Amino acid sequence: MADFLTAVKSLRSQNRADEDLKAERSTDSNTGPSNKASESEKQARVETKRLASSPQDALDILRSQPDLDELRSVLKSLHSNTFCPTFSIHSPGPLQAQIINTILAQTVPDFWSVLAKQAANSVAEVLRNVAGLNAIVARLRMVLSKTSVEGGQDRSLALTDLINIAGHVLHGDETLLRVHRNLSGAVLNQTKRDMAWKEGVSLMGSGKVLATLAEAEDAVNEKGGLDVTVREFTSGADYAAWLGRNIATLASSADVGKVGDAHDTVPASQVLAKALNFGYPHRLLAALLEPLAMQIRTQPGQKAVLTSMLCHLPSHSKRLFVEHLLRWLSTIDGSEDATPLPGSAEQAKVVATTASLLSSIAAVDSALKQNIASSLTDPARSGLQSFAVRRACIAALSAVSGDLDVLQLVTERVMSAFNDFLFIAHGPIIQQEAMAQTLLLTAGYLHRKAPMALLMTARSSSHMQGVSNRLDTSNARGRWLGMVVGTAISSLVDKEGMKMSFGTEDMETEEAKWYMNLARVEDQVGRLADLQSLLTTPKQPSKRRQRAGRGQAPEKMLEINGKPTFGPPRPPAQTEVIGEKVTELLDGDEDGDEDDLKPYAQPDSDPEDSDEDATLVNRKKTRPPVYIRDLMAMLRDEQDHDRFQLGIKHAASLIRRKTEFGSEVKDHANELGIILCNLRDPFETDEFDSLKLQAMIAVILSDVKAMAPWFCKQAFSGDYSVSQRCIMLSALGLSGRELAGFKNEDEPNPSQGVPDFPSKRLPPRLHGIYNQPATTTKRLEAASNDVEQALIKPLALHAADQSTAHLNAVKVRTFSSRMDVERTKRKPTANALAKVFGESYFFPLVNRYQQEIAAYGSASVYSSMPFVLVTFVKTVALLHHASGPATLSLSELSGEFWDLLLSLRVQATQDISVLHAVLFSLLTVLEMNTDKRQVVNDHPKRLMETQQWVDMVFGWVGGNEMVSEGGNDEETKVRTLAAGVLVKCREIIGAYQKELVGFSMD
Amino acid sequence: MATEAPHLIQSSALPPAQPAYVLRGHTAQIHSVHFLRNNLRLLSGDAEGWVALWDVPIRRPVAVWKAHQDVNLGVGSWGDDKIITHGRDSKLHVWQLRPEDEKDFSTVLPVNDSTTERKQPWLLHSLTLNTLNFCSFAMCPAHPSKTAMGSGEAQEESILVATPGVQDGFINITSLPGEVRVATIPTLKDVNTGMLMAVSILHQAGGLTAIAGYESGHAAVWQQNATSHWQTVYVNKAHSQPVLSLDICTQPSCFFTSSADAVIARHPLPGSKVETKYVQTKHAGQQALAFRSDQKIFATAGWDGRARVYSTQSMKQLAVLKWHKEGCYALAFAEIKEDHQQTNGSDEEGDAMVKRDLTVSQQRMEKAKTTHWLAAGSKDGKISLWDIY
């Protein structure tokens, strides 16, 4: 404290005379006992302290460059309500605005950096109200509006101070509560208070504070001066979490004991309504519900806090709340997998707890209940929720609604959506599955409550028609779902002997049984008190994972004597030393004969010192990883350059070596995958992307059935960058090709014939940065170019043959017609990929894509970034090609893929790279479906649409100019591809016509 | 040698050496190891002050106690029943631990429990020293008539102990059991030697000789002149880094020093014709250097985690003992029995007769006594035992 005082004194010593004068003047004017002018400065200051007795005085003192003691006393009197009841700094008013403005404009720049913690807190206390926050934001905006040139260092300092003070004011989970308390203490008029609070809500609940602070933080030159606490208010996600915690504190402070007056939670619900629109809803909800859940666990009565807060939300916000809540719950319950087949007791517990939360929400009012119900009936939304959450929704609805209306309504709506003809034909499979599950669950509940109601529904024409719609469809999975639903419902309502049964094999599978059992699932609504444990459990695995990374050093190596693979080579049988052990030592001539001691051989490694100078020797030599755990630790190491590089260099080979060796890779596959997906290169490693890609491929191939869908999921989830997603897709594509036996073609990294760059290149470092996306998918590009060549070449030859038909007479050898060749071709053999392509690669990828587009629309990177879309489409096409004509359920796959491609027609016309990818994929699909008759039978509409569209594209791309040799490379390629697709289409149609009418109409 | 089995291929090198056993039990760095009682016991001291006495035949601890509150600098034995430990807590303790007392002591190793106080042996002497340095004590018999090697009859022998003095670079010599200061040797004149890093004393040519290695890299030999003043008879700066260890070889009469740099140096003792010689090993940081009792070979424990065995005569490297993953700090050879050589050379029948009479445990003890052990203690708290030459 003492040094602070001296510092301030020296700062304004030149003003000392003024200050004395001022002190005297105020003494004269206000108080009776006057002091002698000769009294020491200190005493004079004591007098002024006493004299800040009215708000106007306080303002004057603040304006007249006070010293630290004065400032402290003024601040103290301001925030401790000395002037009560006539004046409070927290109520809105002109005088308050002046004081606040003076503090920000003068006091803060002068004093903030030297204020002790306590004094800083009292400044923050004075500003912790709506006007204060507004003023901080306005002041920041003003400073920011000056350009950095004119502001210079001062600007940066001013910004740092303002950011820090904002951090001080906002810091903590009780800020909102304190602002509100201050306000309600200061303003007694209800209307005025509401007005002021609304202003505060729109300030804090929206992104204003965040945006301003983040911009200011960006503008500050040195980040060193900023408090750590400020971070929370400059990142959106953290700010949302802060808001959530604050809302929770504010809401739970409300006295909900009095049921009659439930207005106490109105302020909290106002902020919540605003915050729901702010973005980052998951963080907001997590931070909001965790403290509430904690309170509910200790005091079950606190549940009313949540319900009354929700009750006051406007109806639009209620809908948002329910929607975000369900999505968020889907992410935390952990069972996010597409087919959550095992219904364990653990899941039942999760469902019960979730249901308890949802039922207490649904019980609030009918709007919330309707929202939950509509989340089940809307296929797009339902498909986004996890199975457990849907189960919980149904359990909650059934528990809450005394009458059957809601349940019956949900059942009927779901049924009509599920049986809708368009939905069957075009709905993504993942949504269809979700609807089937919901339907069966609700049917079960309805049946238990009112068997009659279900019977009516089951007999209704919509159900009967629906089942037959489903049986009609060419989509095998959709048909199967219809059969399952029909059988399950019939088993509920029909008498023994009358039950529907298809008696086919695919109704006997594990999955079918699981679906059938859904109608018998009856979840209990659990206790809300368990919610806290549910919210905290998902964190455990990640903790364990981190700990697992730091493995013990591989010191067991030598103990495994039985395994010759480890450790240095064992000595041969001869262990006795041969030769005399002691001989006479000869003095002197040491350089003469060798003594008879036979030297031992060198061990496997005995490196010499890295440096002549003993002080510079590096003794921590890193060894290549031997265990997967070592590898993971090495990849996580962001400090040690050698260790990281050694790790990434050995990653792929180690994983491949260990794949068949014990369960090391299998046990850690997910963890490895996460590390690789998130891996960034902290050391500018050479060939980093390629090494990472190889490692990913190795992980996928270690367990295709588990890891390929896992990577598909990753490519669409999480906060990954574009290049990270592209690398994942590349890894999927290339691993599929390797599985299909295309390994050798991809291995040597075929050189692409890099064209000479016309002008100077960027420096290598920058070139790497700007050229990054291209490098991440280089391998994939190369592979797709190869395939494209392979597809186009026969067509081109054929075309050449046709165009020279008039020379047939002189041709030594004619190219045989493709149809003839095909007749003699043997049936293609299925490769390893063909067996697993659908379930491990295709459906996870395509379903996730559809889910992504359904959820985010054009905001998704998969639709806003053509590059990502192209990579995705090419990956699927390549995999399709690699998997070949012998793929299991080829027709279904092709149909699904074809639909996807046709849905991209609009985007393809906007971006030529997308167009290229789509045409390439269409050509692949046509090529892979070798049975032309089946194509015509299964996909007549798609075929015709494709032909029409490609015809149009062909005319449109490069149509207005002659395609010359050296012309636009990309357009030439696209034209070639379009021509290829057209030829292929005609060929198929021609073949069909030939079969139908005996000759081709063309 | 002509009678050797013909099928054994005489290659030019033996296979790489492998440890015969690894003693795990310390949690901290091993700073000193020492064989005693005819190689039946191994004493080890670590950086937390723990001392463990190991039964070499069965490789189990027989006594574990915390001798010092700080880093252990050195351990030694005096006769069969007295153990000397030297720690950074300014103490040098002499403990009495007779073979028949061993059963009373805790055998729980620090790795299992490093907090509980253990029973300590009977403390005979405790000297307070300056231990603001890294130098371990050195000892020799008080009377030159009996050599340091014949430890068997040295029960009642009094000894001299050399320790660093109060001032940097000084050496104190104290006699035990009398606890009488015998001599104080000053540091070198005109040279800033820094701390004393290693010391050794021996009786030579009728007088007491002290050998000192200093922080500056100097090695010096001190002898008492006629007026019983100590004076240097040999000074040499062989190392660019502090001397870490030195040991004496009596035939030829010389001593070797190792240092934090990569050089091993041979220095002559007074009256010897041996020339000073340096060997650049290219492995910096040789923490410990020790001769085997037959003086044919010596070994160093290096910070690169390898112990290296050299031939005394040629100073050429004979073996690299690689097992530890971390630096080796301590090294000791077992004593080699002369009579063992005779037994080995005697006819098969006699040998078999002896063997038959022994019980299994006796055979095991006999084997432990006669094995040419080398013990290396490392930073990782483990001690590896090797059977070398």
Side-chain angles (χ1 to χ4, degrees), chain A residues 552-559 561 564 566-623 626 630, chain B residues 1 4 8-19 22 240-241 251-252 259-262 266 272-275 277 281-285 294-297 303-306 309 311-323 325-327 336 338 340-341 344 372 380 382 387-389:
Chain A
Q552 299 149 338
E555 54 200 23
K556 285 182 201 153
M557 283 226 300
L558 279 176
E559 285 191 333
N561 275 327
F566 295 95
R570 304 276 120 185
Q574 181 187 350
T575 49
E576 283 294 310
V577 176
I578 298 167
E580 282 183 356
K581 289 201 174 181
V582 172
T583 52
E584 285 292 307
L585 264 179
L586 297 169
D587 229 355
D589 186 16
E590 71 235 12
D591 296 320
D593 295 332
E594 287 290 308
D595 40 13
D596 63 335
L597 291 166
K598 190 187 287 179
Y600 284 81
Q602 293 278 312
D604 50 356
S605 82
D606 187 27
E608 290 187 347
D609 281 345
S610 51
D611 206 293
E612 282 284 300
D613 188 347
T615 54
L616 299 177
V617 175
N618 174 20
R619 268 184 201 83
K620 280 184 75 184
K621 289 270 161 39
T622 41
R623 281 164 249 265
V626 182
D630 292 347
Chain B
M1 288 302 112
E4 266 171 21
L8 286 175
I9 300 154
Q10 282 277 20
S11 62
S12 63
L14 297 167
Q18 294 290 322
V22 177
S240 60
Q241 296 287 322
Q251 49 179 158
S259 134
D261 65 15
R266 183 180 68 183
S272 160
K273 290 189 211 77
V274 180
E275 287 164 18
K277 184 179 176 185
T281 62
K282 299 214 171 119
H283 301 286
D294 66 359
Q295 321 230 320
K296 232 167 117 45
I297 54 173
W303 291 347
D304 57 356
R306 287 154 179 77
V309 181
S311 150
T312 311
Q313 193 189 3
S314 63
M315 289 180 77
K316 281 190 179 139
Q317 180 177 295
L318 293 174
V320 179
L321 311 184
K322 178 195 166 228
W323 184 81
K325 300 273 186 299
E326 292 184 85
I336 291 189
E338 298 301 329
H340 170 63
Q341 299 301 327
N344 222 18
H372 293 181
D380 56 15
K382 300 180 186 101
D387 182 0
I388 295 292
Y389 295 119

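Order of the sequence lines sets the chain letters (A, B, ...), proteins ahead of strands, with each chain counted from 1. Here the structure is a predicted model, which means the values were calculated and not measured.
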| query | What's the shortest heavy-atom distance between P603(A) and P16(B), and which atoms? | reply | CA-CB, 4.2 Å
| task | Kindly compute the distance separating CD (Q317(B)) from CD (Q602(A)), expressed to the nearest 0.5 Å. | result | 5.5 Å
| With only heavy atoms counted, which part of L321(B) is less than 4.5 Å from chain A, the side chain, the backbone, both or neither? | neither
| remark: Scanning both residues in full, the closest heavy-atom pair of Y600(A) with P15(B) reads CD2-O, 3.2 Å
| remark: When the 4.5 angstrom heavy-atom criterion is applied to K282(B) and chain A, the contacting part is both
